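Have a look at the structure that comes next, please.
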Protein chains: 2
Amino acid sequence: MKTTIENIRNQLSDKGLKVTPQRIAILEAVYGVGGHPTADNIIEHIRKNNPNIASGTVYKVLDTLIENKLIRRVTTDRDVMRYDGVMGKHHHLYCTECDLIEDYIDEELDTVLREYFKNREIKGFHIKEFVLQIKGTFDKC
Amino acid sequence: MKTTIENIRNQLSDKGLKVTPQRIAILEAVYGVGGHPTADNIIEHIRKNNPNIASGTVYKVLDTLIENKLIRRVTTDRDVMRYDGVMGKHHHLYCTECDLIEDYIDEELDTVLREYFKNREIKGFHIKEFVLQIKGTFDKC
DNA sequence: TCCTAAATGAGATTTATTATCTTTTAAGAG
DNA sequence: CTCTTAAAAGATAATAAATCTCATTTAGGA
């Protein structure tokens, strides 16, 4: 699934959202900037071509995209928010040396986890989804 | 392992940290306030008995406790930091309705995960630790 | 092409967190 | 037990991420 401009326009309009240049640029940036960008990374990236975008707009658009399930937040133990354009089931590699967070997609792992919890109820809790945080270091670090 | 005051004093002095009333109160609060408290939850809790504690002190002490591996941060997709006094391997239940985060301790799960990744190298990445985020809802929510 | 609700821009505001600097204190030495 | 001093706490100022407000602009249907 390539993320062309046309594709991005469709994602927005399919959700009933107005297709604005800002929204396109922000969604493109979330897809394009690797390692799960912060709002600031996204602003910096977009300003290269579109220097006049307001930072408030970026925050507002990111929230709108999250509400409409086009992107999601990434959980971290830092105080700056990071964003993720991959909406399918997946897990994350957290590097303890650099601050990159990479995707880890593994269908089999999902099956293993689902199976494991099939016979193991957690009393008083209804499971919806698993996200495994795999912490360690990249070789390059 | 009960967490008596004496126990807390020892944890601090074992790390070569000065044993101050503030540090004791803060560590006690991290243990005592359920659901993984924010700095603000901790400040509020402590001020009941110790109204004069400075909020800057709480943040500084929390950092010190983290550096000395007496507590850790909890990862979330919110912009307020939360803290965890349980240092052993464990996982977390995230409620999507309320904002409680509960511990989930499961030795067997750790074994399953370790086994699973024993024959499944992630190229370019050296695994140190797993934390499973189990997202769902508590029955009471 | 026009109209209007929705989106953006600019900038003020809030709030969690950090930094600075002075005063106080824990705890080891004598 | 007292003295000394490095470390910690308190008070408050400073940052910075994120939110809010409101005037202006714009997407997209009529």
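So you know, we letter chains A, B, ... as the sequences are listed, proteins then strands, and number each from 1. The model shown is predicted, which means the values in this text are computed figures rather than measured ones.
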Between C:dG9 (P) and A:R23 (CZ): distance, integer Å: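 Taking CZ of A:R23 and P of C:dG9, I get 11 Å after rounding.
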Check the interface with nucleotides 28-30 of chain C: list each N/O to N/O pair with the protein under 3.5 Å, or write none.
none

Any donor-acceptor pair under 3.5 Å from B:R47 side chain to B:I53 backbone: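 Side chain of B:R47 to backbone of B:I53: a pair is present.
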Flag, side chain of A:R72 to backbone of A:M87, donor-acceptor distance under 3.5 Å: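 Yes, the answer is positive, given that a donor and an acceptor are paired below the 3.5 Å cut-off.
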Check ion pair B:D63-B:R73 (N to O, under 4.0 angstrom):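 Salt bridge flag = yes for B:R73 with B:D63.
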Between CG on residue B:L70 and CD1 on residue B:I26, distance to nearest 0.5 Å: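 B:L70 CG to B:I26 CD1: 12.5 Å, rounded to 0.5 Å.
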Options D:dA8, C:dT17, D:dT19, nucleotide nearest the side-chain atoms of B:T20: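 Closest of the options to the side chain of B:T20: D:dA8.
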Output one line per pair: protein atom, nucleotide atom from nucleotides 21-25 of chain D, and distance, for all N/O pairs under 3.5 Å.
none

A:T64 vs A:G56, nearer the 5' end of DNA chain C by closest nucleotide: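 The 5'-side residue here is A:T64.
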Nearest listed nucleotide, side chain of A:T57, among C:dG9, C:dT17, D:dA9: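 Closest nucleotide among those given: C:dG9.
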Residues in ring pair (Phe, Tyr, Trp, His ring centres under 6.0 Å) contact with A:H90, at least two apart in sequence or another chain: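 A:H92.
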Distance, rounded to the nearest Å, where B:I43 contributes CD1 and C:dA16 contributes P: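 After rounding, the gap between these two atoms is 9 Å.
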Integer-rounded Å distance: C:dT8 C1' and A:N50 CG: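 Roughly 11 Å, once rounded to whole Å.
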Sugar-phosphate only, base, or nothing, as touched by A:D63 at under 4.0 Å among non-hydrogen atoms: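 If one applies the 4.0 Å heavy-atom cut-off, A:D63 turns out to touch the sugar-phosphate alone, with no base involved.
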Separation of atom CZ in A:R78 from atom P in D:dA17, rounded to whole Å: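 A:R78 atom CZ is separated from D:dA17 atom P by 13 Å.
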Minimum side-chain heavy-atom gap B:Q133-B:V74 below 4.5 Å: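 The answer is no, as the side chains (C-beta and beyond) never meet within the 4.5 Å cut-off.
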Sugar-phosphate only, base, or nothing, as touched by B:N52 at under 4.0 Å among non-hydrogen atoms: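 Counting heavy atoms under 4.0 Å across all strands, the contact made by B:N52 is with sugar-phosphate only.
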Linked, directly or transitively: A:I122 and A:V131 (ILVMFWY side chains, under 4.5 Å):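 Cluster IDs for A:I122 and A:V131 differ.
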B:Y104 ring center within less than 6.0 Å of A:F117 ring center: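 When the ring centroids of A:F117 and B:Y104 are compared, they turn out to be within the sub-6.0 Å range.
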Closest-nucleotide 5' rank along DNA chain C - winner of B:R9 and B:Y59: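 Looking at DNA chain C, the more 5' nearest nucleotide goes with B:Y59.
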Residue pair A:V30 / A:D84: nearest heavy atoms and the distance that separates them: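 Closest approach of A:V30 to A:D84, heavy atoms only: CG1-C, 4.0 Å.
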Proximal nucleotide (of C:dT17, D:dG28, D:dA17) relative to the A:V80 side chain: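 From the listed options, D:dA17 comes nearest.
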Protein-nucleotide distance (A:I53, atom CD1; C:dG11, atom C1'), rounded to Å: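 One finds 16 Å between C1' of C:dG11 and CD1 of A:I53, rounded.
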Separation of atom CD1 in B:I24 from atom P in C:dT25, rounded to whole Å: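 Rounded to whole Å, this separation is 15 Å.
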Distance, rounded to the nearest Å, where A:L62 contributes CG and C:dT8 contributes P: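 Nearest whole value for this atom pair: 11 Å.
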Distance, rounded to the nearest Å, where A:D40 contributes CG and D:dA16 contributes P: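 Rounded to whole Å, this separation is 10 Å.
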A:R82 side chain vs A:H36 backbone, donor-acceptor pair below 3.5 Å: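 Indeed, once roles are kept as given, a pair shorter than 3.5 Å links the two residues.
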Candidate nucleotides D:dA18, C:dT17, C:dG9, ranked by approach to the side chain of A:Q22 - the nearest: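 When the side chain of A:Q22 is considered, C:dG9 is the closest of D:dA18, C:dT17, C:dG9.
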Proximity to the side chain of A:K18 - top-ranked nucleotide from D:dG28, D:dA18, D:dA9: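 That would be D:dG28.
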